[in-house]
Each structure stands twice: as structure tokens, then as C-alpha cells.
Amino acid sequence: MSGSTILEVTDLTKAYGNHQVLSGVSLTLQAGEVVALIGASGSGKSTLLRCVNLLETPSGGTIRFQGDVVDWRRRPGLLRGYGHLTGLRTRIGMVFQQYNLWPHLTVLQNVIEGPIRVKRLGRHEAEARAESLLGRVGLIEKRHEYPSRLSGGQQQRVAIVRALAMEPQLMLFDEVTSALDPELVGEVLALMASLARDGMTMLVATHEIAFARDVSHRTIFLDSGRIAEEGPSKTMLAAPSELRTQQFLKRVLHHDLTTEASRT
Amino acid sequence: MSLDLIERAVRWWASVEAYIPGFLGAAWLAFQITLVIIALTWAFGLLAALGKISPYWWLRWPAGFYVWFIRGTPTLIQVFLFYFGLPQLGVRLSPFTAGALALGINGGAYVAEIIRGGLLAIPKGQMESALAIGLTPLQAMTRIILPQVFRIILPPLTNEAATTLKNTSLLSTITIMELTLHTQLAIAATYRPFDFYIIAAILYLIMTTALTQLAAWLERRYRVAY
Ligand SMILES: Nc1ncnc2c1ncn2[C@@H]1O[C@H](COP(=O)(O)OP(=O)(O)O)[C@@H](O)[C@H]1O
Ligand SMILES: [Mg+2]
């Protein structure tokens, strides 16, 4: 049954004008599953993630979230008609490559904004929850700092906490370590791995093949807006069956090795 | 320094001293009118800026026309249109209402362009992360985007406020007893145009400087914040 199915995407398409970015993508995430989304730059990873929480409007296909069909055809009005979008986005957390913290708010204010404005939580309760989350990721002493005073890795961990504070059922990660200095990547990946261990359902677009192999249950290789290959991460990444997957992995792994070598 | 010069200055001051309270009163009135108009320019400017970036053509077009029309026509014509023109259509406004509306709408067009520039300077990711959390576009605007915009546009906004203050001078043409009309009446009674126009100019200068100083103080305060 679909009781434990969190996300079910069927034949999703997205085109900008006559530029077809997604050409019929289907995938399913069970509760607690961690799925890595790999693929060359421009293959449509971000677009796929952004269609799931309707930051982009799909061109076709079906999205079911926790059993309910996501009605992406329903356009909101100028000031009204956001209920279904807000409801969906409250249950789906998203973390971006560029962190996108709000620079005019402190760490704590960043984290409580959603719970207070969207979930209508009282300030005390929102702050208490935010502080316990910040404590968990080791950033409690930064709660009154502005984001600009934090390192990239700290900012990205705050961005993850900001999403978690909404108590989402699904987390979307869009290349969240790509903008980080190499020495800061580890702390963010470690946090994501601990979320995965705690049973969070996660869809993770990433170039970190080691993370995909060690943390994700399944890997999907996206090629020009199509799923070219998918399978259990360990077997698929060790021995991909498709030629294009092999070529892609060779490229990124080679790149990893050379940057690793140049670092030492 | 010749004693003669000091003596002449003292005598000059004695001859204008009696008029100073009247001038100060008129300047204060001009300042108060300016505050009302600045509030209007921000309101009109914000609406027009949001209209211009809106995804809806039925908001974009009127907003675009408004900014184009106002910036392409003389301010004095706009003031006359409201005060002398509208009565012909059966809309009779008091001088104050007509003047405040005309200058508010006028400044709003310039403020709209300032705000639009500020909005474009905010990275797209700010709106996206706000929407992804579940905020509505209106909440995202008021809570996340506009506070950041305000900080960026404070300097040009101050310039525009100073322009608004100077524009109130035009309201002398529609019988509002602000500083300029007060000055003209004083001159008509005394035939001392140089003395009194200089006094008026100095008072305008004091007020515009006060505005820019206030903004500079605000800017410093905000900079400490992040
Ligand atoms: N707003 C947009 N308008 C037009 N084309 C876009 C837009 N966003 C993305 N694209 C295009 O869609 C393709 C896929 O982009 P994206 O989903 O960002 O890929 P990835 O995240 O895998 O690098 C790219 O060719 C990109 O140029
Ligand atoms: Mg991307």
C-alpha cells in the first residue's frame, strides 16, 4: 500500500519555451528513504527538486505527496489561493546551494520565522524548538549572530535547521555543498548523514559520489532530463550498467581525485 | 575687519528680525506638508514598484504608464492639473489635498524606480527560500525582501525626500501659505527681494540638511546591525 510512500512522481515534464528540461521523470520515495540524484550540470536536477515543492510549475505529469495529488495546475491569485502551496511547502523542506539565509535576521530569527509566520507557533515555543535544533548541530552559541558572521559550513547547517524547524516529511537538498570551501564540506555532509540515520526522507541532488554511495539507499542518474539509470547506491555506483553513467562517474571521480591530489 | 561691516550686519539683522518668526512658521508648515507627502510617495512608489515587477500584465501596464507619464511631464503641470484641472470634471479638492496628492503621486513615480532598483538587487534565492519555507509572496515581501531593500535604497530615498521638500515650493502657486508664498508676500509688502529670498533659501537648506543627516544616522545604525 501507499501508506509509507512519501513522494510519487510520475511522468514529470518541464519545458522552458521549447527547451525541454525534464522529459518524463518518474520516481518514488518511501518513508525514511534517502535517494541521491546525480547527473551532469544542466541535466535537470534542480528543476526536478523545484517542481516537487512547486517553486517551478511542471509542464506535465503527476506528483503525489503523502498520498495526495499535488494540484500544480491550480494557479494562486494575487493575494489568495496560497493554501495548497503553503500546506505543501510546510511539509517539504528545501536547502539550497547558496544557503539563502536571510541576512537581516539573526540565526535564531531565521529559524523561527517559518514556525511563527506559517505554522502560527508561539514565539516561546518556536524559540525553544529552534534552540534545541541549533544545539543539536552545535550552533547554539551562534543564535544571536547574523549569518554574515558565520562560515559557509555554519550557514548551510543553519539553513538545514531552518528547514527542519518546520518539521517536514521530506527534505530536498540541491547541491548543498557545492558552494562550500572543501574543508567545510565534511561538517554539512555529516549533518545530512545523521538526518538520514534518524529516518528523514531525503532527495539529494549532489556531486558527492562518496556521500551518495555511503549514505543514500538508492541513486538516480539523470541525463538530459531523463532517468538514465537507477538502483541501490552501493551496487550501481560501484558497477554502473549504462555507458553514460560510467562516463559521468569517471569524469566526477577523476575530478575528485585531481582536486584531492592538488589539495595535498 | 571693519567696524562698518559689523555695524551694517547688526542693522540688517535688526531690520529682518521681526519677520523671522513668520518665516519660521512658514518653514515649519512646509516641513509638515513634506512629511505627509513623503508618506504618500512611499505608498504610491511601493505599489507602483510591485506593480511593475508583478507577473500580471493588468498590474504591470498601469504601473508602467504611471511612472512614464509622471516622469515625462513637468511637476508644475501636474499640480495645476489637480488643483485647477479636476474641478472642471466636478472634483473639487482643497489646495492642501490637491497639492499633497499631486506631489505625492509625482514623487511616487521616482520612488517606484528607486524601489524597483532595490528589489532587483536582492538575490532571487531570498524570495525562493522564503517561499520554500511556506511564506506567502506577500509575507515574503514584507518580512524578507523589503527590509533588505529599504536598507539599500535609504540614500536615494533621502535624496528623493529632499526633492519633495523643495517641490513644496511649487504649492505657493495654489495658495498654500508655505515658505515660498510667505516669502513672496513679505517681499510684496517690503520690496526687499534679496534679503527675503536669501532667508527662505537658508531655511530650505537647513531643512534638507536635517533630512540628509537623519538618513545618515539611520544608515549608520543599520550598518551596525549586519
Ligand atoms: N528559469 C529557466 N529558464 C530557462 N531555462 C532554464 C531555467 N532554469 C533552468 N533552465 C535550464 O534547464 C536546464 C536544467 O537546469 P537545472 O535543473 O538547473 O540543471 P542542474 O541542476 O542539473 O544543473 C539547463 O539547461 C538550464 O539552462
Ligand atoms: Mg542545479
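To find a chain, count down the sequence lines: A is the first, B the second, and so on, and within it residues start at 1. Remember, it's a predicted structure, so these values are computed and weren't measured experimentally.
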Winner by heavy-atom pair count (cut-off under 4.5 Å) against chain B, out of A:Glu113, A:Glu145, A:Lys119, A:Arg91: A:Glu113
Shortest non-hydrogen contact between B:Pro147 and A:His104, atoms and distance: CB-CD2, 3.6 Å
Heavy-atom pair of closest approach, residues A:Arg89 and B:Gly134: CB-CA, 4.0 Å
Best-contacting candidate, A:Arg162, A:Arg117, A:Met94, against chain B by heavy atom pairs under 4.5 angstrom: A:Arg117
Under 4.5 Å from any heavy atom of chain B - which part of A:Leu172: neither
Heavy atoms of other groups near B:Phe84 CZ, more than 12 under 6.0 Å: yes
From A:Leu55 atom CG to B:Met127 atom CE, the distance as rounded to the nearest 0.5 Å: 11.0 Å
Crowding at CZ, B:Arg60 (>12 non-hydrogen neighbours, <6.0 Å): yes
Closest non-hydrogen atom pair between A:Ala163 and B:Ile133, with its separation: CA-CD1, 4.4 Å
Residue part contacting chain B, namely of A:Leu54, when any heavy atom lies under 4.5 Å: neither
Whether over 12 other heavy atoms sit under 6.0 Å from A:Glu141 CD: yes
Residue selection (most heavy-atom pairs with chain A, distance under 4.5 Å) from B:Lys124, B:Gln139, B:Glu128: B:Glu128
Expected output: side-chain A:Asn53 to main-chain B:Ala132 donor-acceptor under 3.5 Å: no
Contact winner vs chain A - B:Thr136, B:Ile145, B:Leu131, heavy-atom pairs under 4.5 Å: B:Leu131
Minimum heavy-atom distance A:Trp102-B:Ser129, with the two atoms named: NE1-OG, 3.0 Å
Region of A:Leu85 that comes under 4.5 Å of a non-hydrogen atom in chain B: neither
